[in-house]
Amino acid sequence: MGAYLIQRLLGVIPVILVISVVTFLTTAQVRGDAASVLLGPTATPERAAEVRNRLGLDQPLPVRYVKWMGQVLQGDLGNSILNRQSVTSLVGSALRVTLEQIVLAMLFAGLTALLIGVVAAVWRGSWIDRLLMTVALIGTSVPTFWLGLVLIYLFSVRWQLLPPSGFVPFTVDPVANLKAMVLPSFALGVYLAGPLARFIRSSLIETLQTQYVTTARAKGLTESRVMRGHALKNALIPTVTFAGLQIGGLLGGAIVTEVVFSLPGTGSLALNGILNRDFPVIQGVVLVVACGYVLINIGVDCVYVLLDPRITFATSSS
Amino acid sequence: MKSAFAVFRRQPAATTVVLLVLLCGLLAPVLAPYDPAVPHMPDRLQGPSAVYRLGTDEFGRDLLSRLLFGARIAVQAGLIAVGIAMAGGVLVGLLAGYFGGRLDYTLSRLVEGLQAFPVVLLAIVITAILGPSVHHAMLAIGIATIPDFARITRGVVLPTKEQQFVEASRVMGASHARTLRRAIMPSCLPALTVLFSFSIANAILYESGLSFLGLGAQPPQPSWGTMLSSAKSYMFDDPWYTIIVGVTLSATIIALNLVGDAVRETIDPLLGGRT
């Protein structure tokens, strides 16, 4: 396992390099005029040159990239142009909100999808199966932001059960925190639950046709023991990978729900960064989220290897 | 053509909805009873009536007309974004799969790097550079979807290039370009068709999402996403506005996904027969 992990981590270095170069180049292009943003339209050319010099913007791109990477590797993502706050701490606290949302959404989606997927697979071809798969398809198709609006309208305005917005950190007040997170996580989870349920269903149907399931049935095991002890476990192994691949979509979806429910997560941070042309903040969010996604994928692969003894470390890394 | 009928027979309702949206998008200027951008303040936020079939928005603009022009933007977004993704992805996938070796390694790493950017994140990057516009949103969606097409294409090319008819094509003196086009490309088409139909649904979903966030179409452009974004402020007094736009958007996406399913079911036996 250790060797496999090291191999995977080494393999990810070129990917991270690509991400960092893309992030740097895109924002570096625009940061050229950071001087004029700071000084406003009345700046004299001399004054602008001075500011560029102070920000190091007059140096060649490769030099600036190396300098920037050096800082990033030390955990310094620079300071917000707007309010001088450290981008590292801004992104850090925003990330906590986004991650909480994603974890809750995955929990909800996982449980719902498991239930729907198993029921649909057991009664495959029946009207229950068709009904559940239609529900799953609708769940994936309804735009998250619209679902969010409908949820706010029903639960916050009509029935006044939950707050429409207002985030409280979990450490301050767990109950208020969860109350604020229920609706956004549900909206986000619905988006994942649909494809996940479809995947679990087809994976389970495939497993139910394997010979070891036939053997288990021939031994006289009850259908529910066959399901629990043999089929489900094996059907869930590819599901882990599939769920992991959806995390990227969830990160994007979380940005949307954060805006709908006014949560102070990475999405809100990045969008405000765009509104204020606060490039260090945009750069920080983009870099951290993209790298985080790559690392999560490695984690998913490792879980996969641990779950399935048939995959040896050597073959799975090729 | 035969398979188009097969898709229709599997999902008659959904296919009709998709065709209807396409038609509305194409014919929006002809079908729309009012100019979608001209405000008419005295009639703001009205419910459906004989004058305004689906009511009006916060500037008194006819919702039906705006929805029709919104369909135009949605259709454009779907086709342009997926067009970009397909052009880029198929090229990368063909080259990586066919030539293999170092080129494959480099291209695969680039695709993986690109894949680390969820659509919204990529749209944030592109908007940061180019500024917000519906075309930049389409570009972002297209680029972010390239990895899907690249991976599927490469996945089909790898086993196909070992086949004897590919070898035969090379032995007969065909160039690499001709071999790729005539011998390998046809094998990729079924898988690409399935991906294409699902990608359109996603592209429209993303376009509306980005426009909702302010990263896509800008007011007064009548994208369904921007319409929902402004409907949001009137949701408590006038839920009708939010509902009609949201239902139109959701129904379109549901129909597209159902058609995608039907396309897959129609094509999959062919796929199975090939490999």
Side-chain angles (χ1 to χ4, degrees), chain A residues 11-12 14-23 25-27 29-30 133-134 137-138 140-150 152-153 157-158 194 245 247-256 259-260 266-267 270-271 273-275 277 279 282-283 285-286 289-294 297, chain B residues 14 105-106 108-132 144 147 201-202 204-206 208-215 224-225 228-229 231-232 235-236 239 242-243 245-258 260-261:
Chain A
V12 102
V15 178
I16 301 252
L17 272 178
V18 172
I19 296 172
S20 72
V21 170
V22 169
T23 315
L25 281 183
T26 48
T27 38
Q29 282 305 321
V30 208
M133 283 306 106
T134 311
L137 187 111
I138 293 175
T140 329
S141 304
V142 172
T144 311
F145 55 94
W146 187 59
L147 182 63
L149 291 178
V150 173
I152 292 182
Y153 181 73
V157 181
R158 262 278 167 79
L245 284 174
I247 292 179
L250 282 188
L251 278 169
I255 296 180
V256 178
V259 172
V260 174
T266 45
L271 276 181
I274 287 197
L275 279 179
R277 299 180 70 74
F279 292 105
I282 303 173
Q283 209 170 35
V285 173
V286 171
V289 171
C291 289
Y293 177 54
V294 172
N297 272 344
Chain B
Y105 181 84
T106 316
S108 295
R109 291 296 91 73
L110 281 174
V111 166
E112 273 174 45
L114 197 55
Q115 223 175 0
F117 292 93
V119 176
V120 184
L121 203 63
L122 199 67
I124 287 176
V125 172
I126 289 182
T127 313
I129 309 169
L130 301 173
N202 278 330
I204 293 180
L205 199 55
Y206 285 133
S208 64
L210 292 176
S211 296
F212 177 82
L213 292 176
L215 298 175
W224 293 340
L228 272 173
S229 170
K232 184 176 70 166
M235 198 169 60
F236 307 128
T242 319
I243 291 170
V245 183
V247 167
T248 308
L249 173 58
S250 306
T252 306
I253 307 290
I254 293 171
L256 277 165
N257 275 328
L258 284 171
D261 265 354

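Per chain, numbering begins at 1; letters A, B, ... match sequence-line order.
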**Student:** Of the backbone (N, CA, C, O) and the side chain (C-beta and beyond), which part of Asp261(B) lies under 4.5 Å from a heavy atom of chain A, both, or neither?
**Tutor:**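 Only the side chain of Asp261(B) comes within 4.5 Å of chain A.
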**Student:** Pick one of side chain, backbone, both or neither for Ile274(A), based on which atoms fall under 4.5 Å of a heavy atom in chain B.
**Tutor:**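 Only the side chain of Ile274(A) comes within 4.5 Å of chain B.
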**Student:** Would you give the length of the straight line joining atom CD1 of Ile152(A) to atom NZ of Lys232(B), rounded to the nearest 0.5 angstrom?
**Tutor:**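 The NZ atom of Lys232(B) is 8.0 Å from CD1 of Ile152(A), to the nearest 0.5 Å.
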**Student:** Is Pro143(A) close to chain B through its backbone or its side chain, or both, or neither, when contacts mean heavy atoms under 4.5 Å?
**Tutor:**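 Both parts, backbone and side chain.
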**Student:** Would you check if Tyr153(A) and Ile243(B) make a side-chain contact, meaning some heavy-atom pair closer than 4.5 Å?
**Tutor:**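 No. Closest side-chain heavy atoms not under 4.5 Å.
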**Student:** Looking only at non-hydrogen atoms, find the nearest pair between Val18(A) and Gly113(B) and report the distance.
**Tutor:**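 Looks like CG1-CA, 4.3 Å.
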**Student:** Do Val285(A) and Ile124(B) have side chains that approach each other closer than 4.5 Å (heavy atoms only, starting at C-beta)?
**Tutor:**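 They are not in side-chain contact.
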**Student:** When you measure from the side chain of Trp146(A) to the backbone of Thr242(B), do you find a donor-acceptor pair of N or O atoms at a distance under 3.5 Å?
**Tutor:**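 Yes: the side chain of Trp146(A) pairs with the backbone of Thr242(B).
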**Student:** What part of Ile126(B) gets closer than 4.5 Å to chain A, counting heavy atoms only: side chain, backbone, both or neither?
**Tutor:**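 Contact with chain A involves no heavy atom of Ile126(B) at all.
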**Student:** Only pairs of heavy atoms separated by less than 4.5 Å count here; which of Val142(A), Leu149(A), Val259(A) has the most with chain B?
**Tutor:**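 Result: the option with the highest number of such pairs is Leu149(A).
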**Student:** Where on Val22(A) is there a heavy atom nearer than 4.5 Å to chain B: the side chain, the backbone, both, or neither?
**Tutor:**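 The side chain, not the backbone.
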**Student:** Specify the closest pair of heavy atoms between Ile254(B) and Ser141(A), including all atoms of both residues, with the distance to one decimal.
**Tutor:**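 What the structure gives for the nearest pair is CG1-CB, 3.3 Å.
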**Student:** Mind checking side chain to side chain contact (heavy atoms under 4.5 Å, CB included) for Val125(B) and listing every partner two or more places apart, or none if nothing turns up?
**Tutor:**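 Thr26(A), Val286(A), Ile129(B).
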**Student:** Roughly how far apart are Leu275(A) CG and Thr127(B) OG1, rounded to 0.5 Å?
**Tutor:**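 That separation rounds to 11.0 Å.
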**Student:** With chain B, which of Leu271(A), Leu251(A), Val294(A) has the greatest number of heavy-atom pairs at distances under 4.5 Å?
**Tutor:**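 Highest number of pairs under 4.5 Å: Leu271(A).
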**Student:** Can you tell me how far the OG1 atom of Thr134(A) sits from the CG atom of Asn257(B), to the nearest 0.5 Å?
**Tutor:**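 One gets 12.0 Å once the value is rounded to the nearest 0.5 Å.
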**Student:** Quick one: of Leu249(B), Leu228(B), Val245(B), who has the most non-hydrogen atom pairs under 4.5 Å with chain A?
**Tutor:**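 The candidate making the most pairs under 4.5 Å is Leu228(B).
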**Student:** Below 4.5 Å, heavy atoms only, C-beta onward: do Phe145(A) and Ser208(B) meet side chain to side chain?
**Tutor:**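 Yes; the side chains approach each other to less than 4.5 Å.
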**Student:** Return the set of residues passing side chain to side chain contact (heavy atoms under 4.5 Å, CB included) with Ala290(A) (not counting sequence neighbours), or none when no residue passes.
**Tutor:**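 With sequence neighbours excluded, Ala290(A) shows a side chain to side chain contact (heavy atoms under 4.5 Å, CB included) to Ile19(A), Ala116(B), Phe117(B), Leu121(B), given in chain and number order.
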**Student:** Under a 4.5 Å heavy-atom cut-off, does chain A meet the side chain of Pro239(B), its backbone, both or neither?
**Tutor:**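 Just the side chain, heavy atoms under 4.5 Å.
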